[in-house]
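Beneath this line is the structure, given in C-alpha cells, with notes to follow.
Here is how names work: the chains are called A, B, and so on, in the same order as the sequence lines, proteins then strands, and each is numbered from 1. Because only heavy atoms are used, hydrogens play no part in the values below, and waters and symmetry mates are left out as well, while side chains stay in.
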Amino acid sequence: MTHMKDSGFSKAYDPKEHEQVIYKRWEDSGLFNPDNLPERHTQPFCMTMAPPNVTGSLHMGHALEYIISDVLIRYKRMRGYRVLWLPGTDHAGIATQNVVEKELKKEGKTRHDLGREKFLLRVWKWKETYGEIILDQLRKLGASLDWSRTRFTMDTAYQKAVEMAFLHYHQKGWIYKGKRTINWCSRCVTSLSDLEIEYREEKTKFYYIQYGPVIIGTVRPETKLGDTALAVHPDDERYRQYAGKEILIQSVDPNVPRTEAPRLKEISIKVISDEAANPEFGSGVIKVTPAHDITDFEIKERHHEVPVIKVIGEDGRMTHEAGIRYEGMAVREAREQIVKDLEAIGLLSRIEDYIHNVAVCYRCGTVLEPLLSDQWFLKMDELAKKAREAVVSGKVVFHPKRWEKLYFNWLDNIRDWCISRQIWWGHRIPLEGETDVLDTWFSSALWPFVTLGWPKKTKDLATYYPTNVLTNDRGIINLWDARMIFSGLEFVNEVPFKDLVIHATILTSEGKRMSKSLGTGIDPLRLIEKHGADATRFGIIWQAMGGQDIRWAEEHVVAGKKFLNKIWNASRFVLQQTENSNIPDAKPKTTLDANSNIIQTFEASRDRVTAHIEHFEFGQALHDIYDFFWHTFCDQYLENAKHPELKDKKETNETLLWVLASSLKVLHPFIPFVTERVWENLPKEKKELLIIETWPR
RNA sequence: GCGCGCGUAGCUCAGUUGGUUAGAGCGCUUGCUCGACACGCAAGAGGUCAGAGGUUCGAAUCCUCUCGCGCGCACCA
C-alpha cells in the first residue's frame, strides 16, 4: 500500500481537489505553447479557435465545440505533432455595441449623449473588464490553448490587417459604394447582410387593395406610398392588355392633412412585365416598391424606367416623401392609418388572416425594414468561385459531407456582400471621409491567417498555415466558414483549414434550441461546479455521436463522474497489486493467456479509438475506451488478476501497469484531469506530464 | 414548394458495406457490506426497430409511399 499512502490516494475521486491544480501545472509547464514542446514534436498541427464574442460567457455550444477541439488537440499532441491551438476573442460589432448601449440605458443615456469617442472608450473599457472572462472559463474546461498567442479582432495588428484587406479589395475594384435596398434594423440603426437575418413566423393581415382595374394583395399597405410600378408575369393572359402601359388608378391622396377626411387622387402608374410576378399567388399582379423591398429593387434594376421613392426612413418612420398625411408616423401606425383611409374611400376590397415569415435582426430580434440606402459592397462573383472550387476540389473537406449543400446553395445564389454598418464599434472603413464601420464578419473572415501574423510573413504563418481543422456549428457555415475560405485563398493563396467539422447542436431535453432569454439553457459552468470538468467533458462527448443534434441529458455527466471514480479505484488496486514494479517501457512479454488477451484486447480498442478520433467521431471513440476499461479491464481482467494463477507474477504486474498506463493515455484527451492525476502516481522513471506522453503503440 | 436529417428498450442514444438470441448509459427488479471501487459487483426484466407496401434465401439496415419532428433554401406582392 505504499504507493497509495505516499500519494494520498483516497477512496473516492474528488475532482475539486485536483482540477485547478493540474491546469496550473500544465500552464506552468509551457507545453501548450508549441515552441516549448520537446524536439520530437516535429510536424505542425494547428487549429485557430473560433473566437467567442467579448459579450458572452460560456454556453453549451461553446462547451461542446471547445471540448471536442481539445480532444483532437490533446490527441495530436500525444501523437507527436507540434500542436498549436490559438485562442482569442471577437469584438462582435453589433452584439457588443448593443450590450454597452443597454448598460448606458440604465443610466438614462444613449450613445449619442456620449458621442462617438467617449462611447468607444466605454466599449473598450467593457471589453477590458469582460473580454477575458470567457477565456478563463475555457481554462476551467481544461482547454489546452496557447495563451501566449491570444488575439483579439481589434488589437492593433489586427486593425492594420483589416485595413490592408479592405484596401486590397478596393484596389482590385471589388469594393463599391451604391444605393441599394438592403435589410435595415431600425433598432440597431444599421444595415445587415443577407446572412444576418432570421425569420420568424407572424400572424398578420393580408389586405386586398383596388388599383384601378386590378386588385393587389399585400401585408404592407403602407409601402403603397412608395409604389412606382405594377408588375405582371409576361405569360399571364389576364393582364396582357396592361403590360407595358401606363394606367390610371384611384389612390388615397397622401397630402391631405391628417385632420381632414381622406380624399381620392387619380394617379398614373406603369405596368411592367417581369417574371418575379407569380400568376399563382394572390391576384397575380404585384406592386413594385423598389425602396422597401429587395425583390422589388431587383425588378427596378431590370427595368430602369421605374423610379424609386423612399417613404420609410432609417428611424423606421414615414418620410416627407410619404406625404404630409403620414410623415413622421411609425410604420405600424402608418399601416393602420392607410388601411382606415383606404376603407373610407372604398379602395379596400377585403382583409384576410395571413401567416408568413418576417425577417428579423439576428442580434436583437427587431422586424427588419428593407430600405434604400447608401452602402459599401464587396463583389462576390470571383470570391464565391474560389470558395466553391476549394470544396469541389477537396482542398477543404466537410464532415459530415452533406453540409456542403448548404454551402454551395449560398455560393450559387450569392449577392454582393453589404460590408458597411452604421454602428460605431468596429473597424472603420479606411477611406477619407467615411464614418461607417465594417461588418464584424469581414474581420472574422481573416482570423486564421491574421492570428498567425498576416500581413507579415511570420514564422508562425509559414509553419501553421493552412491550419488543419476547424470545427463549428452549422449556423455559421456561410456567415464565417465560407468567408474564411475565400479570404484565405485571396490573401494567402491557400485555404484556411483542410477539414471542416460541423458539430452537433445541443438542444434542450425537449428538443428545442437552448435560449438564454427563455431560460432554457444549461450552464456548463454549473455542470463543472457540480460534477467537475472531466465529468462534464465526458457527458458532452458521450452524447456527441456524429453530427446529429443532441437532446441534452445530464445523466451522462453523472455517468462520467462514476467512471472517473472507477478509474481512480482501479488504479489504486493496480498500484496495490504491483508494489515495487515500474511501468515497463515496452509492451510486456507474456506467456499466460489472460495477460496476452488483455493486451490484445486493449490494442484492438486503442486502434478503434484512434480511427474514430481521426474520423472526428469523438463520441464513438469515448464509448470504445470506456467499454474496454470498465467492462474488460476492470470487470474481467482485474478480477482474474486476483486469482493465484496470475497474482504476484512478474508478467502480471507488468501487464497490469502497462495496460493501465496505456489506457490512461488513450483516455487522456477526453478526461485530461483525472488521467494526469493518476499518471502522477504511477511508478516510472523519467516520467513526463501525461499531456506530452506518446500515444500508446 | 424544393432539399437535408431524424423517428430503435421508460429516458438519452449506438447499430459500419443487409446475415446467428438488436446493443450502451441512465432508470427499474433481485441478490450481494468477499479488502480497488455501494460513484460498486453479480444476475435480470424491458424493444411488432414510426406505419404500409416492395426487393431478397434473409431488412432496423436497400426501394416506394404515408405520418410525425427538426433544419436549410425558396415563397412571404
Side-chain angles (χ1 to χ4, degrees), chain A residues 1 4 9-14 199 201-202 204 206-209 211 215-221 223-224 227 230-232 274 276-278 280-289 293-296 299 354-359 400-410 412-413 474-475 477-478 504-505 507 509-513 531 535 538-539 542-577 608 611-612 615 617 619-620 622-624 626-627 630-631 634-635 638-639 641-642:
Chain A
M1 295 283 282
M4 293 164 61
F9 240 138
S10 57
K11 204 171 167 185
Y13 177 70
D14 179 7
Y199 291 93
E201 200 174 87
E202 192 186 61
T204 182
F206 199 75
Y207 305 90
Y208 287 89
I209 303 168
Y211 271 67
I215 285 177
I216 284 168
T218 179
V219 292
R220 304 203 51 194
T223 63
K224 171 182 174 43
D227 289 350
L230 300 181
V232 295
D274 194 284
N278 177 1
E280 309 288 313
F281 192 89
S283 63
V285 186
I286 60 177
K287 59 190 211 56
V288 181
T289 319
D293 186 288
I294 291 169
T295 312
D296 290 4
I299 294 174
Y354 191 61
I355 295 172
H356 74 150
N357 295 321
V358 289
K401 190 173 169 23
R402 61 189 149 89
W403 294 113
E404 284 180 4
K405 287 201 174 177
L406 214 146
Y407 177 81
F408 289 136
N409 191 289
W410 182 62
D412 292 346
N413 298 290
R474 58 170 179 256
I477 288 175
N478 294 322
T505 300
L507 307 172
S509 53
E510 281 81 38
K512 300 271 162 58
R513 252 198 133 80
H531 306 288
F538 180 100
W542 186 264
Q543 298 179 71
M545 306 297 289
Q548 222 42 58
D549 285 353
I550 296 167
R551 282 191 182 211
W552 179 250
E554 189 165 329
E555 68 212 33
H556 298 299
V557 177
V558 176
K561 206 178 169 190
K562 292 181 178 181
F563 185 48
L564 306 183
N565 200 51
K566 191 74 182 174
I567 293 169
W568 184 253
N569 282 295
S571 306
R572 289 173 66 220
F573 175 73
V574 170
L575 293 187
Q576 173 191 317
Q577 291 282 304
R608 283 196 302 275
H612 281 313
H615 292 105
E617 297 159 347
Q620 290 89 336
L622 178 58
H623 280 252
D624 255 312
Y626 171 93
D627 185 62
W630 196 313
H631 299 303
C634 293
D635 291 350
L638 292 191
E639 290 309 316
K642 292 171 182 173

Which whole-number value in Å describes the distance from F206(A) CZ to rC75(B) P? 15 Å
Can you tell me, in whole Å, how much space there is between the C1' of rA14(B) and that of rC49(B)? 13 Å
How close or far is atom C1' of rA24(B) from atom CG of D635(A), stated in whole angstroms? 14 Å
Using a heavy-atom cut-off of 4.0 Å across all strands, would you classify K561(A) as base, sugar-phosphate, or nothing? base
Contact class for F563(A) vs. all strands (heavy atom < 4.0 Å): base, sugar-phosphate, or nothing? nothing
If you take all heavy atoms of A544(A) and I550(A), which pair is closest and at what distance? CA-CD1, 3.8 Å
Could you work out the separation of rA74(B) and rC4(B) based on their C1' atoms and round it to a whole Å? 15 Å
With a 3.5 Å cut-off and just heavy-atom distances, do the side chain of K562(A) and the base of rA38(B) make a donor-acceptor pair? no
Which whole number of Å gives the distance between the C1' atom of rA9(B) and that of rG25(B)? 12 Å
Please give the distance between the P atoms of rC13(B) and rA59(B) as a whole number of Å. 28 Å
Can a donor-acceptor pair be found, under 3.5 Å and without considering hydrogens, that links the side chain of Q543(A) to the backbone of A553(A)? yes
Given atom CG of N565(A) and atom P of rC41(B), what is their separation to the nearest angstrom? 10 Å
Say we look at rG54(B) and rG18(B): how far apart would their C1' atoms be, to the nearest angstrom? 15 Å
Counting runs of three or more consecutive pairs, Watson-Crick or G-U wobble, with each distance below 3.5 Å, where are the stems of RNA chain B? B:1-7 with B:67-73, B:10-13 with B:23-26, B:28-32 with B:40-44, B:50-54 with B:62-66
H531(A)/E554(A) under side chain to side chain donor-acceptor pair (under 3.5 Å): CA gap, chis, key distance, verdict: CA-CA 10 Å; H531(A) 306 288; E554(A) 189 165 329; 3.2 Å; yes
Is the base of rC37(B) syn or anti, where syn means the angle lies within 90° of 0? anti
Can you confirm if the aromatic rings of W630(A) and Y626(A) lie within a centre distance of less than 6.0 Å? yes
Could you check V574(A) against L638(A) for side-chain contact (heavy atoms from CB on, under 4.5 Å), going step by step and ending with a plain yes or no? CA-CA 8 Å; V574(A) 170; L638(A) 292 191; 4.0 Å; yes
When the P atoms of rU61(B) and rC6(B) are compared, how many Å lie between them, rounded to an integer? 13 Å
Within 45 degrees of the axis of the six-membered ring of Y13(A) and under 6.0 Å from its centre: does K562(A) put its NZ or CZ there? no
Kindly determine whether L406(A) and N478(A) satisfy side-chain contact (heavy atoms from CB on, under 4.5 Å), including the steps that lead there. CA-CA 8 Å; L406(A) 214 146; N478(A) 294 322; 3.5 Å; yes
Can you check whether any acceptor in the base of rC37(B) is under 3.5 Å from a donor in the side chain of K566(A), or vice versa? yes
Where the side chain of N565(A) meets the backbone of K561(A), is there a donor-acceptor pair that is under 3.5 Å apart? no
For V558(A), which contact category applies under a 4.0 Å heavy-atom criterion: base, sugar-phosphate, or nothing? nothing
With C1' as the reference atom in both, quote the distance from rU66(B) to rU29(B) in angstrom, rounded to an integer. 39 Å
For the P atoms, the ones on rG46(B) and on rC34(B), what distance do you get once it is rounded to whole angstrom? 32 Å
First of R402(A) and V574(A) reached from the 5' end of RNA chain B, by closest nucleotide: R402(A)
Output the single nucleotide from rA36(B), rC4(B), rC71(B) whose closest atom is nearest the side chain of Q576(A). rA36(B)
Just checking H531(A): base, sugar-phosphate only, or nothing, at a heavy-atom cut-off of under 4.0 Å? nothing
How is K642(A) classified with respect to the nucleic acid when contacts are heavy atoms under 4.0 Å: base, sugar-phosphate, or nothing? base
Whole-Å distance separating the CG atom of N413(A) from the P atom of rG3(B): 16 Å
Just the rounded figure in Å: distance from C1' of rA42(B) to CD of E639(A). 10 Å
Identify the two heavy atoms, one from V288(A) and one from L230(A), that lie closest to each other, and give their separation to 0.1 Å. CG2-C, 4.1 Å
Are the side chain of H615(A) and the backbone N or O of A611(A) linked by a donor-acceptor pair below 3.5 Å? yes
Without decimals, in angstroms, what is the distance between E404(A) CD and rC73(B) P? 17 Å
Side chain to side chain donor-acceptor pair (under 3.5 Å) between K224(A) and T289(A), worked out: CA-CA 7 Å; K224(A) 171 182 174 43; T289(A) 319; over 6 Å; no
Whole-Å distance separating the CZ atom of F573(A) from the C1' atom of rC41(B): 13 Å
Base, sugar-phosphate alone, or nothing: which one does L638(A) contact when heavy atoms must sit under 4.0 Å apart? base
So what does A277(A) touch, heavy atoms closer than 4.0 Å: a base, only the sugar-phosphate, or nothing? base
At 4.0 Å (heavy atoms only), tell me whether A559(A) reaches a base, stays on the sugar-phosphate, or touches nothing. sugar-phosphate
Footprint string (nucleotides 9-17 of chain B, 5' to 3'): B base within contact, S backbone only, - free, heavy atoms under 4.0 Å: --BBSS---
Whole Å only: how far is the CH2 atom of W630(A) from the C1' atom of rA38(B)? 11 Å
Mutual orientation of the aromatic rings belonging to W542(A) and F538(A) [parallel < 30°, tilted 30-60°, perpendicular > 60°]: parallel
